[in-house]
Every structure is written in structure tokens, then in C-alpha cells.
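What follows is a single structure, written as C-alpha cells, with notes after it.
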Amino acid sequence: MDVFMERAVELALSNVKHGGQPFGAVLVKDGEVVAEGVNELHHTYDISAHAELVAIRQAQQKLQTNDLSGYTMYASGEPCPMCLTAMYFASIDKVYYCASVEDAAEVGLTTSEKIYEDLQKPKAERSLPTAQMPLREGQEDPMKLWEAGNK
């Protein structure tokens, strides 16, 4: 096992021993650890405080950038759709994980598996209803305002 994955698993084990879930993450660039995180939901009551997102936030704040091109994420568990999407937005190059979504489901951590399944359905068939609401007539369009300021 790679040294960075070993560290992600160590973080996950420690988190479980302190009342958390079995998730740890290590963000690496050029063979150096840039940031680490563990699942902090039990401390912060923040649903987005997953190990991978904690590590991404630390790195982006430390480096003052949103662009993490050239970085690799090592996660003790397969990233959930939220974390994976954040990695796409941050331009992370590669992700390695230890336990699969199916492994997590076997021990009662089933949310990711269900969300991955739901996201494969057409919007109208998903379990979380979503609907587009247009701007009211005469309301300034934030998309157009942003476009005008970024040309």
C-alpha cells in the first residue's frame, strides 16, 4: 500500500476512535502532503465536512487558489458524489481510494450508493425533485451581469 493511502487509512481509524466515521483524506502534490482531512460531521454539524472537502478547503485557503491541477487525492473511502464533484471543480488530477462505495454500504454507510444511483436517472425521476424558476420580469440577470464583467 502506498504511504499516502496508509496515512489516509490512519486518519480514518483515528477518526472512528474519536467518534467519527471511517473517512480520511490526504491531498498530495509532487510527492508532498499539502493537506489532510477527516470526516468532521460529528463535530461541526456540517454535511459538507467530508474528509476530502476538508482537505481541499485547507489546501485552497493555504495556497489562495481554487485550482488544484497537479494534485492527487488519497481517500480511505470512495468519494461520494459531492466530494467527487468538488474534485472536478478543483481540477484535481487523480483520485485513489481504498474502501469502495459497496464496502461502505455493507457496514451501513449507504448514502453515496443511493445518490450515485439516483443521479443516473433523468431529472424528472430523481428522488429529490428539482424545478427551474425563471427570473421575474424586469429582474436583473446575475449571469448576464457576470458575463459583462468578465469579457
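Computed from a prediction, not measured in an experiment: that's the story for all the values here.
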Next item on the list: Would you list the pairs meeting side chain to side chain donor-acceptor pair (under 3.5 Å) in which at least one residue belongs to residues 127-142, sequence neighbours left out?
Entry: Asp118-Ser127

Note to self: Test of understanding: with salt bridge (charged side-chain N to carboxylate O under 4.0 Å, His left out), list the residues that count as partners of Glu10, not counting sequence neighbours.
What the structure shows: Arg7

Check: Other than Tyr45, what residues sit in its cluster of Ile, Leu, Val, Met, Phe, Trp and Tyr side chains whose heavy atoms are under 4.5 Å apart, directly or through others?
Finding: none

Next item on the list: Give the cluster check for Leu63 versus Val33: same hydrophobic cluster or not, with ILVMFWY residues linked at side-chain heavy-atom distances below 4.5 Å.
Entry: no

What donor-acceptor contacts under 3.5 angstrom involve side-chain atoms of residues 82-98, with partners at least two apart or in another chain?
{"from": "Thr85", "atom 1": "OG1", "to": "Pro81", "atom 2": "O", "distance (Å)": "2.7"}
{"from": "Asp93", "atom 1": "OD1", "to": "Gly70", "atom 2": "N", "distance (Å)": "3.1"}
{"from": "Asp93", "atom 1": "OD2", "to": "Gly70", "atom 2": "N", "distance (Å)": "3.0"}
{"from": "Lys94", "atom 1": "NZ", "to": "Tyr96", "atom 2": "OH", "distance (Å)": "3.4"}

Next item on the list: Any side chain to side chain donor-acceptor pair (under 3.5 Å) involving residues 46-59? Give me the pairs, sequence neighbours left out, ordered by first then second residue.
Entry: Asp46-Ser48, Ser48-Arg57

Next item on the list: State which residues pass side chain to side chain contact (heavy atoms under 4.5 Å, CB included) with Gln64; sequence neighbours excluded, sorted by chain then number.
Entry: none

Note to self: By the side chain to side chain donor-acceptor pair (under 3.5 Å) test, which pairs, at least two apart or in different chains, include something from residues 72-83?
What the structure shows: none

Item checked: For the student: nearest non-hydrogen atoms of Pro142 and Leu135, plus distance -> CD-CD2, 4.3 Å

Name each donor-acceptor pair under 3.5 Å that joins a side chain in residues 143-151 to protein atoms two or more places apart or in another chain, with its distance.
{"from": "Asn150", "atom 1": "ND2", "to": "Trp146", "atom 2": "O", "distance (Å)": "2.7"}

Margin query: Run the side-chain hydrogen bond (donor to acceptor under 3.5 Å, both in side chains) test against Glu113 and tell me which residues pass, sequence neighbours left out.
Written below: none

Note to self: Quick check: is Met73 connected to Leu68 through a chain of hydrophobic side chains (ILVMFWY, heavy atoms under 4.5 Å apart)?
What the structure shows: yes

Check: Who are the side-chain hydrogen bond (donor to acceptor under 3.5 Å, both in side chains) partners of Glu102, not counting sequence neighbours?
Finding: Ser100

Notebook entry, point to check: Just checking, is any N or O donor in the side chain of Asp67 or Ser69 under 3.5 Å from an acceptor N or O on the other one?
Noted result: yes

Notebook entry, point to check: Which other residues end up in the same hydrophobic cluster as Ile115, if Ile, Leu, Val, Met, Phe, Trp and Tyr are linked when side-chain heavy atoms come under 4.5 Å apart?
Noted result: Leu119

Under 3.5 Å, sequence neighbours excluded: what are the donor-acceptor pairs made by side chains of residues 22-31?
none

Next item on the list: Of all the heavy-atom pairs spanning Asn15 and Gln21, show the shortest one and how long it is.
Entry: ND2-O, 2.9 Å

Notebook entry, point to check: Which atom names give the shortest non-hydrogen contact between Val34 and Ala59, and what distance separates them?
Noted result: CG1-CB, 4.0 Å

Notebook entry, point to check: Asn39 side chain to Leu41 main-chain N or O, any donor-acceptor pair under 3.5 Å?
Noted result: yes

